4 protein chains.
Amino acid sequence: MTKTLDPRDDMLGRARVRDNAELEAYYDDLAKQDTGALWTVANDIEPWEPKAKSDPIIWRSADLRQQVLRALDLVRPEDAGRRVVYLRNPKRQDVSAACGWLFSGIQVMNPGERAGAHRHAASALRFIMEGKGAYTVVDGHRMELGENDFVITPNGTWHEHGVSEDGETSMWQDGLDIPLTNCLEANFYEVHPDDYQATNLPVDDRQLSWGGAGLRPETDKWDRPFSPLMKFAWEPTYEALRNYAKATDGSPYDGVIMRYVNPQTGDNPMLTMGAHMQMLRPAEHTKAHRHTGNVIYHVAKGEGYSVIGGKRFDWKKNDIFCVPAWTWHEHCNTQQREDSCLFSFNDFPTMEKLGYWREQALEDNDGHQIVEA
Amino acid sequence: MTKTLDPRDDMLGRARVRDNAELEAYYDDLAKQDTGALWTVANDIEPWEPKAKSDPIIWRSADLRQQVLRALDLVRPEDAGRRVVYLRNPKRQDVSAACGWLFSGIQVMNPGERAGAHRHAASALRFIMEGKGAYTVVDGHRMELGENDFVITPNGTWHEHGVSEDGETSMWQDGLDIPLTNCLEANFYEVHPDDYQATNLPVDDRQLSWGGAGLRPETDKWDRPFSPLMKFAWEPTYEALRNYAKATDGSPYDGVIMRYVNPQTGDNPMLTMGAHMQMLRPAEHTKAHRHTGNVIYHVAKGEGYSVIGGKRFDWKKNDIFCVPAWTWHEHCNTQQREDSCLFSFNDFPTMEKLGYWREQALEDNDGHQIVEA
Amino acid sequence: MTKTLDPRDDMLGRARVRDNAELEAYYDDLAKQDTGALWTVANDIEPWEPKAKSDPIIWRSADLRQQVLRALDLVRPEDAGRRVVYLRNPKRQDVSAACGWLFSGIQVMNPGERAGAHRHAASALRFIMEGKGAYTVVDGHRMELGENDFVITPNGTWHEHGVSEDGETSMWQDGLDIPLTNCLEANFYEVHPDDYQATNLPVDDRQLSWGGAGLRPETDKWDRPFSPLMKFAWEPTYEALRNYAKATDGSPYDGVIMRYVNPQTGDNPMLTMGAHMQMLRPAEHTKAHRHTGNVIYHVAKGEGYSVIGGKRFDWKKNDIFCVPAWTWHEHCNTQQREDSCLFSFNDFPTMEKLGYWREQALEDNDGHQIVEA
Amino acid sequence: MTKTLDPRDDMLGRARVRDNAELEAYYDDLAKQDTGALWTVANDIEPWEPKAKSDPIIWRSADLRQQVLRALDLVRPEDAGRRVVYLRNPKRQDVSAACGWLFSGIQVMNPGERAGAHRHAASALRFIMEGKGAYTVVDGHRMELGENDFVITPNGTWHEHGVSEDGETSMWQDGLDIPLTNCLEANFYEVHPDDYQATNLPVDDRQLSWGGAGLRPETDKWDRPFSPLMKFAWEPTYEALRNYAKATDGSPYDGVIMRYVNPQTGDNPMLTMGAHMQMLRPAEHTKAHRHTGNVIYHVAKGEGYSVIGGKRFDWKKNDIFCVPAWTWHEHCNTQQREDSCLFSFNDFPTMEKLGYWREQALEDNDGHQIVEA
Ligand SMILES: [Fe+2]
Ligand SMILES: [Fe+2]
Ligand SMILES: [Fe+2]
Ligand SMILES: [Fe+2]
Ligand SMILES: [Fe+2]
Ligand SMILES: [Fe+2]
Ligand SMILES: [Fe+2]
Ligand SMILES: [Fe+2]
C-alpha cells in the first residue's frame, strides 16, 4: 500500500503520510474491522479535477446502419424486447454505457412489427433516423415518428413502439439513463398487464395541445414531472434554429444552440437527461471548452468534424459520437454554404440539480486544441 | 348609524347588535379617537360574497373607431403623451377604469408619428386592431405590430410606439393595470432621458429567439420577471388554437382556450395581468360560470353574443366588452360554419398570487342564465 | 375640465394638451359612449411617484385600552360577532382601514366568553396585548395566547376565539386585509355549520411540531398555502432577536429586525400580509427611508419615538402607529439601557408578488428628516 | 455469452432470445465496432427491482474508537490531510464507500491541532461524538462543536477543523458524498492559498442569525444553494423531538422523526445529502419498510437493535450502521423507560431530485421481518 507521492500532493491540505511498518500493521488491523485509513486513499478519491471515465468515440453510420439492419433477420422484437444494437464505450463495458452513465443504441423495426409495452424507472429518449410509419405510444399518447424528431419516454411511463403495416423499415437512436439508474440502485421494471396500451386519444395530441410557443392549453391538466410536449418535431425545431440565428451571435463553443424544454415550466423535459439541437453555420469553427457532464451527439444534418480531447473526429449525417466529462471539445462545420446540425443528449440536468456543473473555456492557442497527429 | 338587519345576518358569527343611546354615545367617543366599533360595519366589510364594482359594458367598434379617428386631427401624440380614447366604466369613473382595476383605451397613430419613450410601474399590453407599419420598442427590443398581435410592455420597461413613414394609420387596444398600481400606491413614472430609445438589436429579436415551442435559446440570458417573448403574433396563435381544437373537448365555459405564457417559466407573461385567446367553435354556446377577477374581451374574429349578469351583449369583430368580478357569464358563437375568437385580458395573476381566486359553475337551468327581457 | 399644467408635466412623454372648445365638444361626445380622452386624466393616473392614501396616526394605549374595556359591558361577543374597536384612519374611513388597505382593531373578551367560528377570504393575524387563558382555534388547531405572541388566521381557515373560565380579561390587536380583499372583490364569508369547531388535536400542536429551527417534522403533511406554524410565541422570538443582535450590525433603517416566516418554505406566513419583530438597541436612532407598502406598528416593549413624514410620534408599550406608503420614516429608542421592540405587520407580500416593491434611503441631512415644529 | 433464462424473463417485453451460432458470430462483429446486442444484456441492466450494492454493516464504537485513538500517535493532521479512519463496506472497497455512494469516517484531533483549509465539490457533514473545544470554520463562519451536534460543509466551501489549546481530544463522524461526486466525474479539489481562513465574524454567527424557528434575519443576505444555518446543535434538536412527540403518533417505520432543513427554504441543507434525527420511544419497535437510497445511522442516545435485510444488529451509543438501498429495515428501542435517538444521513435528496425515490411497506408478518437465526 506504500505509494509514490505526486509532487503536487506534497502540501498542507493533502495526504502525504509516508508509510512505515507500524502503519502497515495498523492498516491490517483496520481492514479486519471493515475500515481503512483515509490518508491511504485520500488523494485518489479527492482528485484535483475529474478524469473522464469514458473514451471519446465515434460510431459511423456507414458501419452501424449495416449491422443494425442485419438484426432484422436475426431476432424478432417480441423476443429481443427491443431489437437494439447498443453503443459500447470501451471503458464502460461493465455498465453497458456509451458515455458516462448514458446508454445509447440503435433500434430497428420492420413494417407491421410491434414491441410490447413496459415501463421502468430509467428514462428514455429517441432520435429518429429513417423510415416511415413508425410510432411510439407513451402513457396512451400515440406519436408518429419522422426523421430528426426527438421524442421522450420519461421515467415510469408505459411505452411501446411499432411500425404500421404500410410503413417502411424504421430506425432510431435510443438514449437512456439506464446505467445511472442502476448505479443509483433505483431501476424497476414492469411489463404491461395487457401487453399493449389501449388508447382513444387523438394521434399526436400532446403536440396539438402544447405545440404553440408561449401558449398554454388552459384545460389540459398536467401534473407529471416531465414535459407534456413529448415529441419535438424536426421542422419546427429547424425553423426555430434558423430564426434564432438571425437574432444571436451564437455561443462561442456551440454556434446557434437551443435546448429542448418542457413548455409548461421551461425546465428540461425529463428529470435526469437534457437535449439540444445546435446549428453550426457555414464554415463555423467553434472554440474549445470543457465541462462536467457527458454528451452523446448525433449528426442531424451536414458534415464536419469535432476535436475531442485533442483528437479529430470527422462526421457526417447520422454519425454518432460522444464527449466525455471534463474533456476539451470544439466543433467545425466543413461545409462552406450549408449549415450543419447536431442533435445531442446529456446528463446535464443531473449535474445541475446536484450542484456538480462546472465549465471552463480553453484559453491557450486562441481557444483551439492542438490536434494529435 | 342605526341599521336594519339583513335576516341572514341575524345569526351567531355575524354582527347583530341593536344600537341604543348608550352605544350611540360610545360611537361618538370612539370617533374622536380615530376609532370605531367593528360591529357597526362588520357585515358590510365582511359580505357573504363579492359584489362587482363594475357594470358589464360593451363598447362597439362601430362607435368607438369613429371617435378614435377624430382624435387624429385634434391632438398630436407629442402633446397627448399617447393619443388614446379610454374606456370608462360608469361605476369606475373615479379610477378611470374599464372594469375592476383594469384600464383600457384605444390608441391611434398616423404614419410617421412617434410618441416619446417613458416607463412606469404599471404594466401594459396591446392588442392590434388595424393598420400597417406600427411598431413598439420595449427596452430596446423593436416589434412590428400586425392585426390581432398581442404585445406586452411590462412594469418598469422603457417603451415607445410609432408608425413608419410608409405605413398606414394604425389602431390598437391598450390594457393597463394603472388603476391597480395607483390603488396600491405604487405608481412611478419616468420620461426617457433621450426622448427615444436607441437600439441595434434585430427587429423582433425576442420572437426570433423565443418563438419555438419547447425550445430555449441556450445563450439568451434572461432574468427579468416577465416573458422574454414579448409579442405573441396572431398567425401562430390561431394555428395553435386550431391544433388544440383537434385534441380537446374544450372548456364548458370557454370553448377552446389558450393562455398566453412566458415560455421561459410557463407562468403568465407579466406579474399582474394575464391574457387568453379562445375559439368558440361554429354554433358553440358555452355554459355559465362566475369567478373572482375582472376580464376585458376583444372580439378578434367572428360574431356572436355573451350573456353577462343576465344581460345579452351581441358582438362582432373589434367590439370590446367586460365581465366584472363574480358575475355570471357565458358565450355564444352565432355563426354556423365559422369559428369566433375572443382575445381577453384580466387580473387573474393578481387574484391567484394573493389566494383570491374562486370559481363557480351555474347549476340551474342546464347551466344557462335567464336572459333579461 | 381645463387644467393648469404642472411645469414638470410640460415635456415630451407627458400629457400637455391645452383644451379648447373643439376638444371640449369632443370630450362631451366621448362621455356619452362611456369613454374619455386619456390625456385629460393621464398625468393624474400616471403620477411621478405615489402619494400616500393614509395619514400617519398614532393610537395611544392609554386612550385605546379604556375605550376597549368599555365595550365589555356594552356588547356581547355573540352579538357583535367579535367585540372589536377598530382603528380608523381619517383618510380611509370609506374602507374602514387603519392604513392603506389594512384593517386593524383591538379585541377584548372576558373569561368564559367565546365567539362563534366562521371563515372568510380575508386573512387575519393577532398580536396579544394582555390577559390570561385566551385561545384561538384555527382549522381545529387550538393555540394558547400569551402576551406578545403573534398568531395567524389565514384566508379560508375556520377560526374562533375565547377565554377560558379561569382566565382573565384578554385583549389583542387584530390585523386583517379585509379592505384589500374587498377592494379586489374577493371576500367570502361563512359561519361554521356547528357554530364551534370540534377538535381532538393536542393544544399548540402546530408549535410542538414546527417550533424547532431547521427541523421539519417528517410525518406532518402540510400542503396549505400558509405556515404550519401558526403561533409565533414571544419568548423564542425575543431570544432569537437577542441572538441575532450578537451577529449583525442591523439594518440602518430598522435596527435588529426579523421577519416571521413559514418554516416549511421560508416565505411569508400568509399570502397577502407579512410581519416583523424588530429590536432598537439602547439609544439607537435609525436613519430614514421610505418604500411602497403600508405598515402598522405595535410597541411590544420599551419606549421611544418615530418620525413619520416629518412628524414626531412618541410611543410606549402597546401604542399602535402606522407608516403609510412611500412616506419617510425613522425610529428612535429613547431608553439608554434597555432595548425597545416593535412588532409590525404590513402588505409587503402583496407588493412584492405584484412587482410593486420599491425602496429609497433618505440622503439629505445625514439620513434624518427635519421634524416639523 | 449464452445465458440461462430466468423464468420470469420468458415473457413479452423481456429479452428471451436463444443464442445460436449465427448470433454468436453477429455478436463478435458488433464487438469489433464498439457495439453489442442489447438483448444479451437487457435483462441484467433492466432488473425487475434494485439489488443493493452494499452489505448491511455495523461498526461498533467499542472497536472503532480504540482504532481511531491509535491514529493520534501514528499520523499528524498536517500530514494526513485529515486524521480519519474510514468505514469501508466490504462490497464497496473499490469506491471507498461505507454504503452506496456515501463515504464515512471517524476523525480525531488533539488539543492544539489544526488541519489546513481546503475545498472540494464533494459535500461533507459532521456528527460530533466526544471532546471539548473542537471547532470548524466554513467559508469564514466558525462553529464550536459539541456532542451530537450536526454540522454541514457544503460543496465548494472552504473548510478547516481544529481543537483549541485548552480543549480535549475530539472525535466526530464525517459523512461525504465523495464516491458519488467521483462516480459522476465531478470532483475538484483546492488547497486554501493562505493555508487557513482569516475571519472576524462572531463565533456561531450562522446559528445566532438563523436559529429562531419561523424567523428570518431580515438583513442577512444569503444566496448560496445550501443552508445558512450550518450547525444544528443537539439541545434544540432534542427539545424539538420531545415537543414533536407530544403532537404526533410518529411514523410507523421511524418513530418520531425530524428532518434537518435549510430554514431559508425548507429544503434539505445541502443538494445531495439529507439527514434526520429520530426518537424511538421507550420499547418502541417500528414496522419494516424499504426504499431507494442509502442511509448511515449513528446512535446518538440509548440502545436497541435494528433488523436490516433479515439480520439483527444490536446497537448502543456511538455505534454506526448502514441500511443499503431497497433493503427491508425496522428499528427497536430495547429500553423500557428511556427513549433512544438515531442520527442518520442519506442520499435521499439525490434520489428525489432525479425522480428515483420509491418506498414500500412490508405487509407480511404484521410488518416485521423474519430474523435470520
Ligand atoms: Fe423501455
Ligand atoms: Fe460543450
Ligand atoms: Fe406607457
Ligand atoms: Fe370566465
Ligand atoms: Fe374572522
Ligand atoms: Fe421601513
Ligand atoms: Fe474536506
Ligand atoms: Fe427507512
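To find a chain, count down the sequence lines: A is the first, B the second, and so on, and within it residues start at 1. The basis for the numbers below is simple: all heavy atoms, side chains too, and nothing from hydrogens, waters or symmetry mates. As the structure is a prediction and not an experimental result, all values here were calculated from the model.
- With a 4.5 angstrom heavy-atom cutoff, B/Ser209 touches chain A via backbone and side-chain atoms both.
- Note on ring orientation: taking the six-membered ring where Trp is involved, the planes of B/His291 and B/His329 are perpendicular (angle over 60°, cut-offs 30° and 60°).
- Of the candidates A/Asp205, A/Thr219, A/Asp220, A/Thr219 is the only one forming a side-chain hydrogen bond (donor to acceptor under 3.5 Å, both in side chains) with B/Tyr244.
- Heavy-atom distances place both the backbone and the side chain of B/Thr237 under 4.5 Å from chain A.
- Along residues 257-269 of chain A, the residues that come nearer than 4.5 angstrom to chain B, judged on non-hydrogen atoms, are A/Ile257, A/Met258, A/Arg259, A/Tyr260, A/Val261, A/Pro263, A/Gln264, A/Thr265, A/Gly266 in order of number.
- Shortest non-hydrogen contact noted between A/Arg206 and A/Met230 is CG-CE, 3.8 Å.
- Contact annotation for A/Asp254: neither backbone nor side-chain heavy atoms come within less than 4.5 Å of a heavy atom of chain B.
- What you find for A/Gln173 and A/His298 is that their closest heavy atoms are OE1-ND1, 2.8 Å.
- Note: B/His276 leads B/Glu239, B/Arg242, B/His276 in heavy-atom pairs under 4.5 Å with chain A.
- Proximity to chain B is limited to the side chain of A/Leu229, based on heavy atoms less than 4.5 angstrom apart.
- Using a distance-only test at 3.5 Å, with no hydrogens or angles considered, no donor-acceptor pair links the side chain of A/Asp177 to the main chain of A/Thr272.
- The aromatic rings of A/Phe226 and A/Trp222 stand perpendicular to each other, their planes meeting at an angle above 60°, with 30° marking the opposite boundary.
- Between A/Arg142 and A/Asp204 there is no salt bridge, since none of the side-chain N atoms of the basic residue sits less than 4.0 Å from a carboxylate O of the acidic one.
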